[in-house]
Amino acid sequence: MSCFGGRVSPDLFQNCCNANVLCHFDGDISSLKSEPIYVQKVYDAVAFHLQGMKSVSGQEFSPRIPCGHRIKRVVDIRCRRKFNPDNVDDPSNLKLDVHTSISGATFLRNSAGDILTAVGADGNFSEKLLFADTTSCDDQCMGTPIFGTQNICITGNVIIELDLLLCDSCNNDSIFTICAEVNVAEEEQPLVLTNFFEICMPSAIDTAFLPRFTEFCNSACESRLATNNHGRDLCVDGDGTVTANLIIAICVTCEKKIVVPVQLCVLSTGFVQAPIQQNAICQTFPGLFPNQIRPEDTRENCREECREENEAEESCGCRDCCDSCDDRECCDSCDDGCDPCRNRTGRSGRPQPRR
């Protein structure tokens with residue numbers, strides 16, 4: 001038994017892992033059940049790919065290449081976002097500030113002028129409530145188009161790694177990796193990407209919930225030598241310090257959605273149960289979710305409880321003498337909850353207190 005509840009740590013074999021398979025369907029259609037769920041329906045969505053460019057000259061890398069080595073070529077260039085998990089407000093973290101304005105609809109505000117937000121699927125207050133006079137399009141059973149302008153302000157740093165093929169004085173080749181943290185833009189002068197979009201919203205009149213607008217973005221980065229020639233773009237000083245001329249591309253994917261809470265019926269094979277990891281000390285453990293409450297599920301879930309009641313009745317020491325009135329003295333002396341003087345045809349279904 002390992003410290004991971006029977007699962008061997010993946011670090012013993014590899015640096016990556018596979019996730020548990022939480023859902024399984026055996027192909028039997030009769031096992032499917034209709035379940036009502038309360039979710040958010042996506043009425044419309046649009047997605048964008050945006051790109052920002054940053055050129056860097058004379059960027060210094062570390063560590064220094066060993067003495068007596070020369071660069072034959074660049075094997076690989078890698079770029080990744082800077083992120084400090086100990087301080088998400090670190091200004092060096094690569095950050096996207098998304099600012100969206102809407103034409104043809106209005107974001108709801110409170111008395112203080114703050115935009116009202118609702119909890120989204122990400123668990124954060126990421127959804128803005130929309131309102132527009134949709135009567136005209138409602139009469140045609142169609143959605144109402146609204147238009148938006150998006151500005152993405154990019155700030156922070158990226159980390160660039162260069163894999164260099166080095167050759168020593170004996171013509172022996174080796175791979176040597178150098179890296180540098182490069183600033184893309186400061187908060188005072190961010191790198192700004194702008195685009196426009198159109199999206200369709202459902203009725204804001206004939207609904208209990210106003211449509212909600214939500215957006216999210218993700219970023220990646222790519223880098224290359226400025227002229228794709230290491231002889232021109234890389235410079236090695238006398239002490240082995242490497243400087244480079246680079247082009248950095250910030251690749252951004254954004255999506256905008258119009259969502260409204262709805263109630264749907266879905267086909268389900270049952271509730272998800274994650275594999276249990278435990279080192280057995282406790283013999284019983286509590287459940288995490290309540291049982292279903294449909295009639296067939298209630299009978300199924302209650303079966304164990306009813307079985308326990310029946311077993312308790314069967315274990316009553318007075319059953320033999322209480323099944324008939326032949327031995328009234330035995331019945332009168334029974335203190336285990338059996339119903340005295342009941343016969344086999346009129347036996348009570350549950351243990352009853354003595355009268």
Side-chain angles (χ1 to χ4, degrees), residues 42 44-59 77-110 112-130 145-161 179-199 201 211-224 226 244-259:
V42 178
D44 195 16
V46 291
F48 314 97
H49 285 162
L50 304 173
Q51 177 179 285
M53 304 293 292
K54 167 78 173 183
S55 61
V56 180
S57 300
Q59 176 63 47
I77 302 178
R78 295 181 298 278
C79 180
R80 57 187 172 90
R81 300 173 298 179
K82 168 68 183 299
F83 179 70
N84 179 9
D86 296 325
N87 181 13
V88 297
D89 296 322
D90 189 338
S92 66
N93 292 339
L94 189 69
K95 184 171 63 174
L96 305 180
D97 284 334
V98 182
H99 304 278
T100 301
S101 59
I102 293 294
S103 176
T106 303
F107 291 132
L108 266 62
R109 299 176 182 268
N110 58 19
D114 300 324
I115 294 179
L116 295 178
T117 56
V119 177
D122 58 354
N124 297 316
F125 287 90
S126 58
E127 297 182 352
K128 303 174 183 178
L129 275 63
L130 276 172
I146 59 176
F147 305 90
T149 302
Q150 171 186 262
N151 291 310
I152 302 177
C153 298
I154 304 175
T155 59
N157 301 349
V158 297
I159 298 175
I160 297 178
E161 296 177 337
C179 66
E181 184 173 324
V182 183
N183 177 257
V184 174
E186 300 288 349
E187 292 186 357
E188 296 78 12
Q189 292 183 328
L191 177 62
V192 180
L193 307 180
T194 302
N195 74 299
F196 308 93
F197 62 92
E198 176 183 344
I199 196 167
M201 65 178 288
R212 303 175 181 184
F213 176 83
T214 184
E215 57 187 346
F216 43 86
C217 299
N218 192 21
S219 64
C221 67
E222 295 182 5
S223 182
R224 47 162 275 191
N245 300 325
L246 304 167
I247 293 178
I248 301 171
I250 306 298
C251 312
V252 180
T253 300
C254 288
E255 187 165 337
K256 318 289 183 182
K257 294 181 183 292
I258 299 290
V259 298

> Say you draw a straight line from CD1 of I199 to NZ of K256; how long is it, rounded to the nearest 0.5 Å?
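So the CD1 of I199 and the NZ of K256 are separated by 9.0 Å.
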> Evaluate whether the separation between SG of C79 and SG of C221 stays below 2.5 angstrom.
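Answer is yes, sulfur atoms closer than 2.5 Å.
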> Starting from the C-alpha separation in whole Å, work towards a yes-or-no answer on side-chain contact (heavy atoms from CB on, under 4.5 Å) for F83 and V88.
CA-CA 7 Å; F83 179 70; V88 297; 4.1 Å; yes
> Please walk me through it: do E215 and C254 pass side-chain contact (heavy atoms from CB on, under 4.5 Å)?
CA-CA 7 Å; E215 57 187 346; C254 288; over 6 Å; no
> Between F107 and F213, how do the two ring planes meet: parallel, tilted or perpendicular, split at 30° and 60°?
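Tilted, since the angle between the ring planes falls between 30° and 60°.
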> Taking all atoms of both residues into account, what is the closest heavy-atom pair of L94 and N157, and its distance?
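Nearest heavy atoms, L94 then N157: CB-O, 3.6 Å.
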> Can you see which heavy atom on L96 is nearest to which on S219, and at what distance?
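In terms of heavy atoms, the two residues are closest at CD1-CB, 3.8 Å.
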> Taking R212 for its side chain and A118 for its backbone only, find out whether a donor-acceptor pair lies under 3.5 Å.
no
> Please identify each residue that fulfils side chain to side chain donor-acceptor pair (under 3.5 Å) with K82, with sequence neighbours left out.
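Checked K82 against side chain to side chain donor-acceptor pair (under 3.5 Å); matches are S92, E181.
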> Ignoring hydrogens, what is the shortest heavy-atom contact between G113 and R109? Give both atom names and the distance.
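That closest heavy-atom pairing would be O-NH1, 2.9 Å.
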> Test side-chain contact (heavy atoms from CB on, under 4.5 Å) on I154 and V252 and set out the steps.
CA-CA 10 Å; I154 304 175; V252 180; 4.2 Å; yes
> Calculate, to the nearest 0.5 Å, the distance between atoms CG and CG belonging to D89 and N84 respectively.
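Nearest 0.5 Å value for the CG-CG distance: 10.0 Å.
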> For F48 and F196, work out which heavy atoms get closest and say how close.
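It is CE2-O, 4.0 Å.
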> For the pair E127 and K257, evaluate side-chain contact (heavy atoms from CB on, under 4.5 Å) and give the outcome as yes or no after the intermediate values.
CA-CA 9 Å; E127 297 182 352; K257 294 181 183 292; over 6 Å; no
> Do you know which two heavy atoms are closest between I160 and S223, and how far apart they sit?
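In terms of heavy atoms, the two residues are closest at CD1-OG, 3.7 Å.
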> Quick one: pull up CD1 in I152 and OG1 in T100 and give me the separation to the nearest 0.5 Å.
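Going from CD1 on I152 over to OG1 on T100, the span is 8.0 Å.
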> If you draw a 6.0 Å radius around NZ in K95, do more than 12 non-hydrogen atoms from other residues or ligands fall strictly inside?
no
> Applying side chain to side chain contact (heavy atoms under 4.5 Å, CB included) between I258 and each of L130, V46, V42, report the one that passes.
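So the option named by the test is L130.
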> Hey, are R224 and E222 close enough for a salt bridge, meaning a charged N less than 4.0 Å from a carboxylate O?
no
> Roughly how far, to the nearest 0.5 Å, is CG of N124 from OG1 of T117?
10.0 Å
> Between I102 and G148, what is the shortest heavy-atom contact and its length?
CD1-CA, 4.1 Å
> Output the distance between atom CD1 (I247) and atom NZ (K54), rounded to the nearest 0.5 Å.
12.5 Å
> How long is the span from the CG atom in L50 to the OG1 atom in T253, to the nearest 0.5 Å?
8.0 Å
> Check whether any side-chain heavy atom of R81 sits under 4.5 Å from a side-chain heavy atom of V184, and report yes or no.
no
